[in-house]
Amino acid sequence: AGATTPREAKPSSFRMFYERGDFPMAIDHDTKGNKIAWKVPLESLDYAHYLPLFFDGLSETAHPWAFFARQGVSDLLEHGGNKIYPVVPQLIIPIKTALNTRIPEVIIATLKILQKLVVSSPEVGVALVPYYRQILPIFNIYKGMNLSSGDGIDYHQQKKENIGELISDTLELFERHGGDDAFVNIKYMIPTYESCLHN
Amino acid sequence: SIADRGSAKGMTRGKHWTEEVEELHRFQVAGYRDAQDYAEQRKTPISQIERWPETGRVKMLVRPNGTFYYYNKGRECTDKAVRQVKIYTYQ
């Protein structure tokens, strides 16, 4: 009954900060790939300040905000190491907001980011466990969303854009990196989840 | 340096993905020909280029305009980009 209907997303504060030029990124028009030209080395960036702001932009679907938010988060996670773990609590609300838009494109981007986040450093997976209550309910809605195409081809699989599959991959990563309490906590929120570690 | 090795005698494009193509791709996206060109233009030794410890792939490059490009641990050069990679030959 409309559980998966996209909701109107409010313009994120990422958009405001981006327009104001708060982010140390150069808008560059000669770029070949999809890269962000950072004006400062990422090691010198204040993660506690910037990481939540970039996560806030995950709910965007319009260019250029969507691209800069997703690529920015991805760069920060890939190079953040142990600077990410202390910021985890501040990332939960933006993640929840993004998932709650129920816009497939946003959910796919957010799931891919969650997969990156949970493996970014060993402590992050455990730090996420207390927040399963916030982020897993949406997983529950979409968990079974797998295209039944018979012998046809679902091209979303090739592009890794199949929501049902992304969710089960993400949950497996949560369990693998979440420590001893991960499985029971996932099972509590998503009763149909089966462990990938225990039989 | 580029001066030492003389001007390039020829250029071919990448045919299929290899570590070498990946390496060149990373430099060429940032606006350099290869590691040697980077070292010469940035006036830093090749050994100082930041690389991923696990794979030895390039991690960060300073572009000619002073901005920073960060690269992932995994493969970044897509099949489409492989054909744009320029492989120069010297004598």
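Remember, predicted model here, so these are calculated numbers, not experimental data. A, B, ... follow the sequence lines: proteins, then strands. Residue 1 opens every chain.
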**Complete:** By residue number, those in residues 71-81 of chain B with heavy atoms under 4.5 Å from heavy atoms of chain A are B:Tyr71, B:Asn72, B:Lys73, B:Glu76
[Y] reachable from [X] in the ILVMFWY side-chain graph, under 4.5 Å edges:
| X | Y | value |
| --- | --- | --- |
| A:Tyr188 | A:Leu136 | yes |
| A:Phe14 | A:Tyr47 | yes |
| A:Phe54 | A:Ile135 | yes |

Verify the neighbour count for atom [atom1] of [X]: are there more than 12 heavy atoms of other residues, nucleotides or ligands below 6.0 Å?
| X | atom1 | value |
| --- | --- | --- |
| A:Asp22 | CG | yes |
| A:Lys187 | NZ | yes |
| A:Tyr85 | OH | no |
| B:Ile46 | CD1 | yes |

**Asked** Parallel, tilted or perpendicular: which fits the ring planes of A:His79 and B:Tyr70, with parallel below 30° and perpendicular above 60°?
**Response** perpendicular
**Request:** Check whether any side-chain heavy atom of B:Phe68 lies under 4.5 Å from a side-chain heavy atom of A:Glu43, and answer yes or no.
**Result:** no
**Asked** For A:Gln71, is it the side chain, the backbone, both or neither that has a heavy atom under 4.5 Å from a heavy atom of chain B?
**Response** neither
